[in-house]
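I have placed the structure first, in the form of structure tokens, so that the comments after it can refer back to it.
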Amino acid sequence: MSTEDEIAKAINFGFIDNQTESLEIYQPTLVTNQHNNTVLEALEDELRTATSFTIAVAFVTCGGLIDLKTILADLNDHNVRGQLITSTYLNFNKPEVFEDLLNIPNLDVRLLDQDGFHTKAYYFEHDDFESFVVAVPEQQT
């Protein structure tokens with residue numbers, strides 16, 4: 001069966017009929033930030049096997065960067081490069097964070113000066129597939 005057919009079956013499984021047989025690698029996953037199902041864990045898992053990556057986030061916190069620095073250093077050791085696109089959104093990014101980001105040798109950092117850029121998207125290239133994580137804010141009731 002072709003990759004396209006497998007992806008179609010996985011989309012059907014994830015969004016229409018969970019009785020559809022499909023390969024787990026192609027199935028969409030909901031990350032809830034509860035227990036052992038966090039965005040950070042999902043990002044770390046993707047980064048560990050990525051051949052390249054692009055991260056687009058409105059801002060980077062000191063804590064968020066600390067969480068990823070070890071993995072980014074490991075990726076550098078394996079010649080895996082990535083790109084980070086961030087912004088001036090609400091001036092949340094601090095100068096010391098930019099200094100830290102610019103010292104990560106395998107990370108190309110781009111700064112977007114655009115109102116309303118509140119993106120949280122992560123794209124990963126792997127040897128034989130691509131994946132992405134899109135964070136959607138929790139709805140208040």
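- From N37, atom CG reaches atom CG of L30 across 7.0 Å, with rounding to the nearest 0.5 Å.
- Heavy-atom contacts from other residues, nucleotides or ligands closer than 6.0 Å to CD of E24 number 12 or fewer.
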Run the side-chain contact (heavy atoms from CB on, under 4.5 Å) check on L47 and Y122 step by step: do they pass? CA-CA 10 Å; L47 284 168; Y122 312 85; over 6 Å; no

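- Put simply, the side chain of R48 never gets that close to the backbone of L75: no donor and acceptor are under 3.5 Å apart.
- Between L72 and N106 the shortest heavy-atom distance is O-ND2, 3.2 Å.
- Within a 6.0 Å radius of CZ in R110, no more than 12 heavy atoms belonging to other residues, nucleotides or ligands are found.
- A distance of 7.0 Å separates OG in S87 from CG in L111, rounded to the nearest 0.5 Å.
- If you take CD on E46 and CD1 on I71, they are separated by 11.0 Å, rounding to the nearest 0.5 Å.
- Rounding to the nearest 0.5 angstrom, the gap separating the CG atom in L84 from the CD1 atom in I104 is 8.5 Å.
- Contact detail for T20 and K9: the closest heavy-atom pair is CG2-O, 3.7 Å.
- Side chain of Q27 to backbone of S22: a donor-acceptor contact under 3.5 angstrom is found.
- Within 6.0 Å of CZ in F132 there are 12 or fewer heavy atoms belonging to other residues, nucleotides or ligands.
- Two different hydrophobic clusters hold F13 and M1 under the rule that ILVMFWY side chains link at heavy-atom gaps under 4.5 Å.
- In terms of heavy-atom proximity, Y26 sits nearest to T3 at OH-CG2, 3.6 Å.
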Check the pair L43, F124 against side-chain contact (heavy atoms from CB on, under 4.5 Å), reporting the backbone distance first and the verdict last. CA-CA 9 Å; L43 297 179; F124 307 94; 3.8 Å; yes

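- F117 and A58 make their closest contact through O-CB, 3.1 Å (heavy atoms, listed as atom of the first residue, atom of the second, distance).
- Linking ILVMFWY side-chain heavy atoms closer than 4.5 Å, directly or via other members, places I66 and F98 in two distinct hydrophobic clusters.
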Go through it in stages, so that I can follow the logic: the residues are T51 and D127, the test is side-chain contact (heavy atoms from CB on, under 4.5 Å), and I'd like the CA-CA distance, side-chain angles, deciding distance and then a yes or no. CA-CA 7 Å; T51 57; D127 285 331; 3.2 Å; yes

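- Side chains of S52 and R81 form no contact here, defined as non-hydrogen atoms less than 4.5 Å apart.
- Nearest approach of K120 to V57, heavy atoms of both residues: CA-CG1, 4.2 Å.
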V31 and V133: side-chain contact (heavy atoms from CB on, under 4.5 Å), yes or no, with the steps? CA-CA 9 Å; V31 179; V133 174; 5.5 Å; no

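- By the 4.5 Å heavy-atom criterion applied to side chains, E130 and Y123 are counted as neighbours.
- Contact detail for E41 and N36: the closest heavy-atom pair is OE1-O, 2.6 Å.
- There is a path of hydrophobic side-chain contacts, each under 4.5 Å, that joins L23 to F129.
- Here L107 contributes atom CG and F53 contributes atom CZ; the two are 5.5 Å apart, rounded to the nearest 0.5 Å.
- Residue I85 holds its CD1 atom at 10.0 Å from CD1 of I55, rounded to the nearest 0.5 Å.
- Within the structure, the salt bridge (Lys or Arg N to Asp or Glu O under 4.0 Å) test picks out the following pairs touching residues 66-79 (sequence neighbours left out): K69-D100.
- Relative orientation of the F59 and H118 rings is parallel, given thresholds of 30° and 60° on the angle between their planes.
- The hydrophobic clustering, which links ILVMFWY residues whose side-chain heavy atoms are closer than 4.5 Å, places L112 and V60 apart.
- V134 and L40 are not part of a single hydrophobic cluster, where members link through side-chain heavy atoms under 4.5 Å apart.
- Of the possible polar contacts, none joining the N18 side chain to the G14 backbone as a donor-acceptor pair under 3.5 Å is found.
- Contact check for T61 versus V97: no side-chain heavy atoms found under the 4.5 Å cut-off.
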